[in-house]
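Worth saying up front: this structure is predicted, and the values here are computed from it rather than measured. These numbers come from the heavy atoms of this one structure, side chains and all, not from hydrogens, waters or symmetry mates.
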Amino acid sequence: MSELWRPSPTRIADANLTRFMSCVNARRGTQLREFGELYAWSVAEPEHFWSELARFADVRAQWGAGPVIEEAGRMPGARFFPGARLNFAANLLRFDDDQPALVFRNERGTRRTLSYRELRTQVARVADGLRSAGVGAGDRVAGFLPNLPEAAIAMLATASVGATWSSCSPDFGVRGVLDRFGQIQPKVLFTADGYYYAGKQLDSLQPISEVLATLAAVEHVVVIPYVDPRPQLAALGAAARRASLWQEFGASGRAAEFAQLPFDHPLYILYSSGTTGVPKCIVHGAGGTLLQHQKEHLLHTDLKRSDRLFYFTTCGWMMWNWLMSALATGATLVLYDGSPFHPQPGVLWDMAQEERITIFGTSAKYLSALQKSDFVPAQAVDLTALRTVLSTGSPLLPEGFDYVYGAIKADLQLASISGGTDIVSCFALGCPTRPVYRGEIQCRGLGMAVDIFDDAGRPVRGERGELVCTAPFPSMPVGFWNDPTGAKYRAAYFERFPGVWYHGDYAALTEHDGVVIYGRSDAVLNPGGVRIGTAEIYSAVESLPQILEALAVGQDWQGDVRIVLFVRLQNGVELDEALQKQIRTTIRTHTTPRHLPAKIIAVPDIPRTLSGKVTELAVRNVLHGLPVRNLDALANPGALAHFRDLPDLQS
């Protein structure tokens with residue numbers, strides 16, 4: 001892979017990572033000089049690495065006596081800092097000054113700011129409201145919310161009293177919310193009165209009234225005015241008697257209080273996509289989430305107090321939780337609510353210019369869609385302040401790397417990152433002191449013993465295989481909700497390779513010690529017994545201007561598997577023989593003859609999950625006449641109709 005960017009000596013010298021290495025060398029007597037040596041040390045000496053990280057990040061905790069890792073040889077079963085007590089919110093609210101903590105923007109042009117002092121004051125008020133509602137350690141608090149400052153405040157207030165936070169974005173349907181919150185039975189629920197998307201004003205009170213009719217455990221509902229300054233609580237129906245407005249919840253003037261709790265005390269409940277059944281409720285601990293995110297923000301993203309960090313996300317995606325943790329660094333977080341293409345494709349880049357965003361985070365799908373538009377950020381806006389672009393959600397294709405450096409900015413670090421809801425963090429990340437190579441994630445996460453296994457469980461280099469982690473790490477889930485024996489948790493990650501975390505990504509380590517993700521293992525195609533990652537096909541097909549999006553699945557056919565490629569075309573484009581030939585030629589040129597689809601079919605829409613990922617499994621089930629168990633996990637379930645009973649697949 002060709003080198004696309006290399007950090008300057010000044011940037012390397014100024015990096016948090018360089019300073020961290022110097023601290024480790026001084027305190028531990030090591031002679032670490034570059035990232036590869038630091039990574040090797042972090043995996044070989046995990047107790048030293050994680051304790052040095054906690055010191056470097058100034059994690060506020062009572063550490064207590066005992067080992068850094070208890071039962072370090074067990075996976076699952078290892079516990080980090082078992083004697084420690086801390087509060088997640090106290091660490092995120094350590095600053096109490098006038099620097100902006102949150103800048104909120106939406107698609108209608110609204111702009112609000114909240115300083116660190118104002119944020120701390122608001123959190124104290126809402127925490128008082130939660131305590132008055134009887135919420136404490138062990139209780140669950142839920143949010144059905146747009147990406148508002150109030151969502152951050154409610155989460156921090158929940159963490160400050162020791163309760164557990166869980167959130168969905170308002171585009172989740174009633175069934176999707178019940179599938180999630182119905183399992184965890186929250187005591188208090190926060191909702192906005194509505195939200196905006198793509199120029200439309202949408203209501204939240206009617207759907208949440210349906211949710212509350214079933215969720216008997218909810219004792220109090222807090223309504224945040226967003227689309228209406230005085231929303232009518234009567235719209236909640238019978239639940240109105242349990243409701244109050246945001247500004248009336250809790251007493252002002254309270255001092256901030258933070259419950260000190262064990263390191264692995266449940267902080268968040270996140271959810272699997274739910275496309276194969278009811279979503280798994282994944283419980284994450286406060287200390288592990290904090291420590292892991294501090295590592296990723298400070299060392300891998302090089303986040304500093306002077307930075308302005310933006311990530312395009314909703315409250316239903318783990319990147320929201322990841323973004324919130326950056327408050328611990330004292331940086332300014334930029335929040336955006338609405339469509340990233342309304343009122344025009346450059347709305348986020350106009351915002352980047354106006355807010356002087358230094359680190360811009362988004363998804364690979366967004367970058368691909370932007371590439372198909374006529375908006376070129378480098379020509380339209382001033383991105384002098386921008387130094388890093390982050391991308392996740394699905395593999396960023398090599399052409400996506402070319403696009404960022406050609407159409408956004410030539411001198412920046414492009415950090416493609418990869419992890420998941422399962423670990424509320426990343427296995428593969430950016431490195432501010434290393435070059436960026438086309439199509440490669442720069443490095444494995446510090447302290448993460450990431451490897452690639454073949455089917456027999458043997459490590460491989462330069463070959464494709466299963467991404468695994470062979471040693472414990474702090475942000476492993478505490479467990480699954482309603483899984484008292486841990487059987488579901490062990491089955492999800494530890495059955496394929498006993499004692500090793502199996503993540504379900506098909507990947508490879510490169511000659512630069514980077515990582516390439518080829519797609520989800522359960523979506524890997526297997527024609528003629530050869531494993532092919534779907535990302536390789538998408539990389540080729542989506543490079544064509546006529547193709548907006550592609551989806552490839554394996555269809556069982558005559559005792560083997562054949563590749564079927566579905567494409568969503570630009571307006572006015574037809575899938576004629578010439579375009580089919582161009583698609584096949586492009587795939588053959590970019591990959592191998594084995595990647596060629598047996599069938600190419602145009603569809604008007606492609607189903608995706610609520611977090612925006614295309615769902616090959618649902619389409620594969622439809623093709624084979626199997627049920628799709630949880631349509632509410634899809635953002636556009638109606639798209640599946642385009643894949644049923646296709647005559648072209650009968651021969």
Side-chain angles (χ1 to χ4, degrees), residues 59-62 64 70 76-93 123 126-127 130-131 133-143 151-152 154-168 180-190 215 217-219 257-272 279-294 315-316 318 320-322 324-325 328 420-425 472-490 492-493:
V59 172
R60 310 295 171 87
Q62 302 159 8
E70 184 178 79
R79 293 182 63 208
F80 284 75
F81 298 100
R85 298 182 73 82
L86 55 75
N87 185 278
F88 182 80
N91 278 274
L92 270 61
L93 295 172
V123 169
V126 175
L130 290 173
R131 281 189 291 268
V135 174
D139 291 321
R140 279 79 60 208
V141 175
M155 179 276 289
L156 290 164
T158 299
S160 70
V161 304
T164 304
W165 173 261
S166 189
S167 58
C168 293
R180 290 158 176 80
F181 294 166
Q183 295 187 68
I184 67 169
Q185 295 294 305
K187 194 169 189 175
V188 173
L189 186 145
F190 290 85
L215 275 184
V218 176
E219 297 177 6
E257 298 177 33
F258 303 103
Q260 297 298 303
L261 299 156
F263 188 84
D264 58 1
H265 181 77
L267 168 71
Y268 290 137
I269 297 176
L270 303 182
Y271 305 95
S272 64
K280 297 188 290 286
C281 303
I282 305 169
V283 184
H284 286 292
T289 301
L290 176 67
L291 202 57
Q292 185 81 314
H293 288 180
Q294 286 279 72
C315 297
M318 61 144 285
W320 181 85
N321 307 78
W322 187 91
M324 291 299 109
S325 293
T421 298
D422 318 76
I423 63 170
V424 71
S425 59
F473 50 94
S475 64
M476 293 168 62
V478 173
F480 289 171
W481 193 256
N482 291 330
D483 182 26
T485 67
K488 294 178 183 176
Y489 176 41
R490 290 190 298 273
Y493 308 114

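Residues satisfying the salt bridge (Lys or Arg N to Asp or Glu O under 4.0 Å) criterion with Asp139, sequence neighbours excluded, are Lys187.
Listed here is the closest heavy atom pair of Ala89 and Ala159: CB-CB, 4.0 Å. Closest approach of Ser160 to Asn87, counting heavy atoms only: O-ND2, 3.3 Å. Between Ser425 and Met318, the closest heavy-atom pair is N-CE, 3.7 Å. Looking at every heavy atom in both residues, Pro279 comes nearest to Gln183 through O-NE2, 2.9 Å. Smallest separation of non-hydrogen atoms from Ser475 and Gly288: CB-O, 3.9 Å. Nearest heavy-atom pair, Leu86 versus Ala286, reported as atom, atom and distance to 0.1 Å: CD1-CB, 4.2 Å.
At least one donor-acceptor pair under 3.5 Å links the side chain of His284 to the backbone N or O of Thr421. The main-chain N or O of Ser325 is never found under 3.5 Å from a side-chain atom of Asn321 such that the two would form a donor-acceptor pair. At distances below 3.5 Å, not a single donor-acceptor pair connects side-chain atoms of Trp481 with backbone N or O atoms of Ile269. A distance-only check finds a donor-acceptor pair linking the side chain of Thr164 to the backbone of Pro266 [under 3.5 Å].
For the atom pair OG1 (Thr289) and CG (Asn91), the distance works out to 12.0 Å, reported to the nearest 0.5 Å. Taking CG from Leu156 and CE from Met324, the interatomic distance works out to 8.0 Å, rounded to the nearest 0.5 Å. Between atom CG of residue Asp422 and atom CD1 of residue Ile282 there is a gap of 4.5 Å, rounded to the nearest 0.5 Å.
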- [ ] Just do the side-chain contact (heavy atoms from CB on, under 4.5 Å) check on Met155 and Tyr268 with the steps written out, would you?
- [x] CA-CA 9 Å; Met155 179 276 289; Tyr268 290 137; 3.6 Å; yes
- [ ] Tell me, with the steps shown, if Phe88 and Trp165 meet side-chain contact (heavy atoms from CB on, under 4.5 Å).
- [x] CA-CA 12 Å; Phe88 182 80; Trp165 173 261; over 6 Å; no
TODO: Take Leu291 and Phe81 through the test side-chain contact (heavy atoms from CB on, under 4.5 Å) and record every step on the way to the result.
DONE: CA-CA 11 Å; Leu291 202 57; Phe81 298 100; 3.7 Å; yes
Task: Leu290 and Leu92: CA distance, side-chain angles, deciding distance, side-chain contact (heavy atoms from CB on, under 4.5 Å) verdict - done: CA-CA 9 Å; Leu290 176 67; Leu92 270 61; 3.9 Å; yes
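Contact check for Arg60 versus Phe258: no side-chain heavy atoms found under the 4.5 Å cut-off. Between Phe181 and Tyr271 the shortest side-chain heavy-atom distance falls below 4.5 Å. Side-chain contact between Val283 and Pro477 is absent, with no heavy atoms from C-beta onward closer than 4.5 Å. When side chains are defined from C-beta on, Val424 does not count as touching Gln292, because their heavy atoms never get closer than 4.5 Å.
For residues 279-289, there are no salt bridge (Lys or Arg N to Asp or Glu O under 4.0 Å) pairs, not counting sequence neighbours. For residues 260-270, the pairs satisfying salt bridge (Lys or Arg N to Asp or Glu O under 4.0 Å) are Arg79-Asp264, with sequence neighbours left out.
Between Phe480 and Tyr493, the angle of the ring planes goes over 60°, which puts this pair in the perpendicular group of the 30/60° scheme.
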